[in-house]
Amino acid sequence: MTEGKEEIKSRIETLRQEINRHNRLYYQEDAPEISDAEYDRLFHELKELEAAHPELITPESPTQRVGAEPVEKFTPVEHPVPMLSLDNGFNPEDVLEFDKRVKRFFNSTEDISYMVEPKIDGVAVALVYEAGQLVSASTRGNGYVGEDVTGNIKTILTVPLTLTPNKDKPFPDRLDVRGEVYMPLEDFAQLNQRQESKGLAPFANPRNAAAGSLRQLDPRITATRPLNMFCYAVARPELLEVDTQFELLKLLTGWGMRAYNPEAEVCESIQEVLKFYNELEQRRHELPYEVDGLVIKVNSISLQNRLGTTTRSPRWALAFKFAPEVETTVVKAIEVQVGRTGALTPVAHMEPVQVSGVMVSRATLHNEDEVKRKDVRVGDTVIIQRAGDVIPEVVRVIQEERPENTIPFSMPETCPVCGSGVVRLSGEAVHRCVNAACPAQIKQHLFHFASKDALDIDGLGSKLIDLLVDQDMVHDPADLYSLTLEKLADLPRMAEKSAQNLLNALEGSKKTTLERFIFALGIRHVGVHLARILAENYGALEPLLETDAKELEAIYEIGPEVAQSIVTFMTNLKNRDLIQRLTEEKIGITLSPPVKSDTGSPLSGKSLVLTGTLKTMTREEAKARIQSAGGRVAGSVSKKTDYVVGGENPGKKMTQAEELNVKILSEEDFLKILEE
DNA sequence: AACCCTCGAGATCT
DNA sequence: CTCGAGGGTT
């Protein structure tokens with residue numbers, strides 16, 4: 001039997017190698033050597049052998065791509081290096097401006113070498129390889145935390161489970177690769193045929209099909225979805241000792257990844273980039289996948305690192321979008337909606353039309369000025385598009401098609417929901433309903449309170465809130481916590497199970513963090529970011545309740561407007577009462593103080609002032625590097641300044657620094673600290 | 001003037 | 001999830 005076992009083992013090995021080879025031929029080189037049926041036979045044989053000898057199954061076996069069990073739900077995965085999105089450009093001027101910005105950053109007039117590639121319309125995914133093994137795959141999420149979709153990604157045949165060793169360049173212990181998962185157009189069409197023949201709804205477009213397939217809880221379903229992936233970046237390219245983006249892609253390809261898109265090119269100047277754009281636009285519909293533009297990246301990795309990133313996007317890349325598809329339709333009505341802060345927003349309701357793959361029937365008109373600027377009226381024929389190919393937008397009215405007797409739009413003088421007065425403060429663009437007890441405001445307020453970044457109360461959606469408020473069961477967030485099974489039982493579409501789920505979610509929301517709670521209060525101008533700043537600075541609710549404008553304005557990022565808004569909120573008796581009810585024993589919401597995020601960088605949290613001219617970099621670059629090290633650059637020296645960096649010919653900031661006893665750094669000192 | 005945050009909104013899928 | 005207007009801060 002032992003001898004037979006050896007034979008089986010080697011047969012399994014051969015099958016795996018063969019299957020992997022055919023996968024590569026089929027998917028990567030587009031040159032299959034055997035028929036699909038023969039391939040299936042090999043695969044089937046391997047599966048049978050492995051089933052009979054489960055001890056021989058290894059994680060790299062091609063069969064393991066579809067073997068994973070369904071998951072309950074997706075677990076969050078943190079991206080150690082954030083996955084940023086790209087800044088967008090919509091016309092050649094934007095692209096030239098981008099090029100100028102890059103040159104200005106280096107104070108250079110020389111042409112920059114750019115790598116350009118088609119921007120495939122799919123879903124961004126991060127892969128993590130440890131010691132050459134694929135250990136995790138996750139979606140982009142909000143850029144900092146995504147969802148674990150490893151089982152689903154493993155079903156994509158062009159994603160190697162094991163990297164191919166390369167003698168010249170061994171792969172690092174840990175490799176974070178980023179790329180785009182998409183569905184090829186042809187496969188998308190076939191999938192939709194299958195969906196329809198099964199009586200299922202077809203997918204609206206390949207992007208949605210790819211996103212939906214990735215978010216399947218059962219990888220066996222994902223395995224039946226024809227997904228593919230291109231890799232185009234790694235988290236810390238400077239660690240791989242490659243000089244350019246182009247070499248990086250070659251390196252990844254050498255390790256067995258599908259990284260090199262044959263459509264990608266290196267352009268030696270921005271003019272070449274524009275030429276490439278025109279050519280690609282001509283050919284975009286011949287490509288086997290949906291393309292919504294072009295990605296332009298500074299080719300040199302060291303220049304990329306010097307440019308760094310803003311909080312939202314890298315400064316070294318631009319997504320140059322193709323002109324969006326436009327359609328015409330007719331405005332049937334302009335409805336006015338009321339938001340959480342009482343803001344009145346006009347929304348155009350239109351005859352539904354298909355625009356870039358989806359049905360569009362509504363579009364926001366933002367505010368009165370915007371409607372007047374575009375002069376949109378009920379009955380008008382309008383041109384619409386999806387801004388950035390996503391959000392519906394009214395581009396303009398076709399004047400020639402305007403029927404007779406249309407009337408210009410005007411904001412209602414009373415709130416369309418509660419009939420109270422409406423005001424537009426001078427200098428502001430929005431009209432607001434003055435009634436804080438307006439049902440629309442209450443509803444939005446509750447919705448905000450329950451939202452994901454606030455108390456995250458699952459199951460409390462807008463429909464349920466409508467019911468609860470309309471039935472007079474809930475008037476403010478505290479009322480939510482006195483709901484019971486009996487009370488909920490009266491509501492339509494509310495069986496015991498979902499009622500219990502809601503109660504559980506409410507109970508669970510009582511243990512939360514200070515920053516979430518502050519955000520949940522819905523103070524004007526205080527979103528997720530400022531809520532966190534407040535939580536870090538005050539550490540608890542009580543001091544925040546007693547604070548004043550002066551104290552608040554001393555905090556970086558809080559100015560007079562925001563300070564006033566917070567004080568107004570905190571001194572309002574209704575709000576104080578609400579906070580008390582929520583936190584006192586009966587409801588008992590507990591708030592955990594924030595953990596000080598102290599990164600290792602010596603500049604994190606420090607305030608620096610630059611003076612004089614630096615020899616090795618422009619002021620812009622110095623600023624960017626300080627920021628990416630977690631520091632801030634201030635314009636003038638004060639007691640709160642930690643360091644003054646003095647270049648050549650320093651100005652009077654230097655003497656101020658001496659007077660205030662602020663530490664002074666020479667350019668050399670500064671560079672040394674940046675190194676750390 | 002650059003940058004960033006808030007706020008409101010629409011569409012799709014699960 | 002993403003966009004865009006508006007507005008605040010530095």
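Per chain, numbering begins at 1; letters A, B, ... match sequence-line order.
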Item to complete: Please state how far atom CZ in A:Arg362 lies from atom P in B:dA11, giving the value in whole angstrom units.
Response: 6 Å

Worksheet item: Does A:Thr341 make a side-chain N or O approach to OP1 or OP2 of B:dT6 shorter than 4.0 Å?
Response: no

Response to the item:
Per atom distances to the A:Lys321 side chain, the nearest of C:dC3, B:dC13, C:dT10 is C:dC3

Worksheet item: When all nucleic acid strands are considered with a 4.0 Å heavy-atom cut-off, which category describes A:Arg524: base, sugar-phosphate, or nothing?
Response: sugar-phosphate

Worksheet item: For B:dG8, does OP1 or OP2 lie under 4.0 Å from any side-chain N or O of A:Gln337?
Response: no

Worksheet item: Taking the side chain of A:His366 as heavy atoms from C-beta outward, which of B:dC13, B:dT6, C:dG4 is closest to it?
Response: C:dG4

Item to complete: Indicate, with a heavy-atom threshold strictly under 4.0 Å, whether A:Ser361 touches base, sugar-phosphate, or nothing.
Response: sugar-phosphate

Discussion item. For a quick test of reading the model: is some side-chain N or O of A:His529 closer than 4.0 Å to OP1 or OP2 of B:dC5?
Written reply: yes

Worksheet item: Counting side-chain heavy atoms from CB outward, which of C:dG4, B:dA11, C:dT2 is closest to A:Glu393?
Response: C:dG4

Worksheet item: C:dC1 P sits how many Å from A:Arg140 CZ, rounded?
Response: 8 Å

Worksheet item: To the nearest Å, how far apart are A:Leu84 CG and C:dC1 P?
Response: 15 Å

Worksheet item: Does A:Pro314 reach the side chain of A:Leu307, with side-chain heavy atoms less than 4.5 Å apart?
Response: no

Worksheet entry | A:Ile558 CD1 - B:dT6 P separation (whole Å) | 11 Å

Fill in: Atom pair distance, as rounded to whole Å: CZ in A:Arg215 and P in B:dA11
20 Å

Item to complete: Give one of base, sugar-phosphate or nothing for A:Gln444, where a contact means two heavy atoms less than 4.0 Å apart.
Response: nothing

Practice prompt. Report the distance from atom NZ of A:Lys332 to atom NE2 of A:His349, rounding to the nearest 0.5 Å.
Written response: 9.0 Å

Practice prompt. Counting heavy atoms from C-beta on, name the nucleotide in B:dT14, C:dA5, C:dC3 closest to the side chain of A:Gln216.
Written response: B:dT14

Worksheet item: The side chain of A:Ala343 lies closest to which of these nucleotides: C:dG7, B:dG8, B:dG10?
Response: B:dG8

Worksheet, complete the sentence: Assert: residue with more 5' nearest nucleotide on DNA chain B, out of A:Pro392 and A:Arg104, is A:Arg104

Worksheet item: If you measure from the Lys or Arg side-chain nitrogens to the Asp or Glu carboxylate oxygens, is any gap between A:Asp292 and A:Arg386 under 4.0 Å?
Response: no

Worksheet item: Within the structure, does a side-chain N or O atom of A:Thr345 lie under 4.0 Å from either OP1 or OP2 of B:dA9?
Response: yes

Worksheet item: Quick one: does A:Lys119's side chain get under 4.5 Å of A:Lys321's, heavy atoms only?
Response: yes

Fill in: Along DNA chain B (nearest heavy atom to each residue), the more 5'-positioned of A:Leu344 and A:Met359
A:Leu344

Worksheet item: What nucleotide, of C:dA5, B:dC5, C:dT9, holds the atom closest to the side chain of A:Glu561?
Response: C:dT9

Discussion item. What's A:Arg340 touching, base or sugar-phosphate or nothing? Going by heavy atoms closer than 4.0 Å.
Written reply: sugar-phosphate

Discussion item. Looking at C:dG6, I'd like to know if its phosphate oxygens (OP1 or OP2) sit under 4.0 Å from a side-chain N or O belonging to A:Asn367.
Written reply: yes

Discussion item. Checking contacts here: which listed nucleotide (B:dC5, B:dC13, B:dG10) is nearest the side-chain heavy atoms of A:Asn208?
Written reply: B:dC13

Worksheet item: Between A:Ile555 (CD1) and B:dC4 (P), how many Å, whole number?
Response: 20 Å

Worksheet item: With distance as the sole criterion, is a donor-acceptor pair present between the side chains of A:Thr341 and A:Arg432 under 3.5 Å?
Response: yes

Item to complete: Would you classify A:Ile523 as touching base, sugar-phosphate or nothing, given that sugar-phosphate means primed atoms plus P, OP1 and OP2, and contacts are heavy atoms under 4.0 Å?
Response: sugar-phosphate

Worksheet item: In whole angstroms, how far is the P atom of C:dA5 from the CZ atom of A:Arg373?
Response: 8 Å

Discussion item. Expressed as a whole number of angstroms, how long is the span from A:Lys623:NZ to B:dC3:P?
Written reply: 6 Å

Item to complete: Give a yes or no on whether a salt bridge exists between A:Asp548 and A:Lys550, defined as a side-chain N under 4.0 angstrom from a carboxylate O.
Response: no

Practice prompt. Answer with base, sugar-phosphate or nothing: what part of the nucleic acid does A:Gly522 contact at a heavy-atom distance below 4.0 Å?
Written response: nothing

Item to complete: Side-chain contact test, heavy atoms from C-beta onward, threshold under 4.5 Å: evaluate it for A:Leu552 versus A:Leu534 and give yes or no.
Response: yes

